[in-house]
Amino acid sequence: MQQLKGIAVSPGVVIGDALVMDNEGFRIPRRFVARDAVEDELKRLDAAIQAASQETERNRDSVARQLGEQYAGIFSAHLQILRDAHLHRELEEMIRERHFSPEHAVSRALRRYAKVFQSLDNHYLAERANDIFDIEKRLLRLLLGRRREELSQLTSAVLILAHDLTPSETANLDRNFVLGFVTEVGGPGSHTAIVAEALEIPAVVGTGPFLTDVSGGEQVIIDGDEGFVILEPDEATIEKYTRQIEQQRSLAVQLQSLNDLPAETADGARIRLLGNIEFPHEVALCQQRGSDGIGLYRTEFLYIGADRAPTEQDQFEAYAEVVRAMQGRTVVIRTLDLGADKMQAATPHIDVERNPVLGMRSLRLSLRNVPMFRTQLRAILRAAALGDVRIMFPMVSTLMELRQAKMVLADVMEDLSEHDIAFNPELPVGMMVEVPAAVVMMDQFVHEVDFCSIGTNDLIQYTLAVDRSNKDVANLYTPSDPSVIRLIAMAIDTARKHSLPINLCGQMSGSTTYTMLLAGLGLRSFSVTPAAIPEIKRVCRAVTIPQCEEVARRALTMVNARDIKSYLKEQLHKVVPELVV
Ligand code: PEP
Ligand code: MG
């Protein structure tokens, strides 16, 4: 048994068989072979080693010819490994005695070698581990050939272990078969994490390197609540987690009884509880759990898997589906927030940026590409004729930028009027408050918009100068930081002073740890990931506003993120102990 610690990004515990993905999406489908197939499997391995050696020789000769002998040395080293008698004996023993498939044997043996290199205290030798991965990849390609299977063709339930998954790879996971996933890299606020939550797939990211220890087929536990990953767990651990899964199931059933009740505090304050969605199908989850509307519809996810930009009609249809399904309840549609780790592939015209999160992202990108922006605005305005739609601009940093966006919107409205196309001319216009500059300038922004929504995912990143998708700085990325809490308090105060409706739609609002704090700071509208609706409702119904105000007052006196978080957890435990693990 081996236990890893990563970052918990999508809650839930799952137990199942590992499917290992490498960077090229290889999976190792079979672990064992039938006893009578051993001789054939050994022949298959032999053929693959021969073919790999020939390919490597050809590469060596061609590089030597073109660049000189000294550059071909790397291939000679690969050849030496491929021809190593000790390796051959080891592989044969695994297949003959333990009935491993050649793929599994190759992966297991070579990853073990690589691990030895990686652990050496010599940078040059540690780097040689990459050569071993190269050989593994070559052999697997030859062995798997056409049998290489895609993630989209899964036929049995698995837990995916990968170096990394992009947001679009994550969005394409088949929820019927992927029970959970773990990635070596990735951070707490990444869009991969957000998509995992939207799909309600338990996930842990940022564990650091461990794929060299697994080959696929092993039993694994993913604890998406605490961020643990356990490889080949022992009986006692399986039992412990099985109990936890059962407890979670019964808590979920208990919480279902709140579905038809409002998020109202024990002393009668009504909290608006909205859902964040990426995909139209999530509307059903929001409806089922009794949300008051959609507080954030992230439209950039329409670009997922699309080989061309969505047309006005594509966009209109997606928005209309959501608006109709919400039956008159509010739907806040956010304009495109492309760029950074979101759908980079959708913005190929942007040069590679050194600091994409500080670059041509989001509203800046829409204002740079006005035809694309206008297409989206037309689709939103048309969908607004069908229900209570509001539009929200993301990542607003300056007043000028906001005014520019509003001008384009006014122009598009004029155009639609001229052509007698139905739309809502009274469409409320809002902005995300997710750049510290927007908080500082809130007293000005309040005169320019009909509502605003705090985006803590980015606000944390930009306040603390910490990349939301980088595991190495994840310890700094927390909503508990006093600077973040003060900025949120400032934004809420200013908005309330000017009677501007304010919501919070970052992941923070879906964490029960912060519900009392946010309500105590005066927030009365939360937009959360659909899975979090029942728990947040539970907390709201268990507390009073004076109680929350006291929690907020105390938290604001603290100067250390860790103290604030443990204080908030303690307070939560007092009111709803069953929600604190
Ligand atoms: C945020 O930044 O908090 C937010 C809700 O937007 P996104 O996560 O899509 O950047
Ligand atoms: Mg954001």
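Note that ligands are numbered from 1 as they come in the structure, with each ligand's atoms numbered from 1 the same way. The structure displayed is predicted, hence computed values, not measured ones.
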Checklist entry - Under 3.5 Å between some N or O of ligand 1 and some N or O of Gln507? => result no
Checklist entry - Do Glu264 and Ile271 have side-chain heavy atoms sitting under 4.5 Å apart? => result no
Item to check | Flag side-chain contact, heavy atom, 4.5 Å: Met395 against Glu401 | outcome: no
Next on the checklist: Tell me whether Arg382 forms a cation-pi arrangement with Phe316, defined as NZ or CZ under 6.0 Å from the six-membered ring centre and within 45 degrees of its axis.
Outcome noted: yes
Could a heavy atom of [X] be found less than 4.0 Å from some atom of ligand 1?
X: Met395; value: no
X: Met392; value: no
X: Met432; value: yes

What part of [X], side chain from CB on, backbone N/CA/C/O, both or neither, has a heavy atom under 4.0 Å from ligand 1?
X: Arg468; result: side chain
X: Arg361; result: side chain
X: Asp337; result: side chain
X: Ile454; result: neither

Item to check | Carboxylate-amine/guanidinium contact Arg298 Glu278, below 4.0 Å | outcome: yes
Item to check | Pro479 and its side-chain contact (heavy atoms from CB on, under 4.5 Å) partner, picked from Leu568, Ile460, Ile488 | outcome: Ile460
Item to check | Steps toward salt bridge (Lys or Arg N to Asp or Glu O under 4.0 Å) verdict (Asp563, Lys565) | outcome: CA-CA 5 Å; Asp563 294 346; Lys565 191 161 185 181; over 6 Å; no
Checklist entry - Do the ring planes of Phe301 and His191 sit parallel (below 30°), tilted (30 to 60°) or perpendicular (above 60°)? => result tilted
Item to check | Any N, O or S atom of Asp458 closer than 2.8 Å to the Mg ion (ligand 2) | outcome: yes
Checklist entry - Can you find a side-chain donor-acceptor pair between Gln376 and Tyr319 that sits under 3.5 Å? => result yes
Checklist outcome for this item: min-distance N/O/S atom, Glu434 vs the Mg ion (ligand 2), resolves to OE1
Checklist entry - Just going by heavy-atom distances, which of Asp458, Leu459, Asn457 is nearest to atom 10 (O) of ligand 1? => result Asp458
Checklist entry - If you count the atoms of ligand 1 from 1 in the order shown, which ones are under 4.0 Å from a heavy atom of Arg298? => result 4 (C), 5 (C), 6 (O), 7 (P), 8 (O), 9 (O)
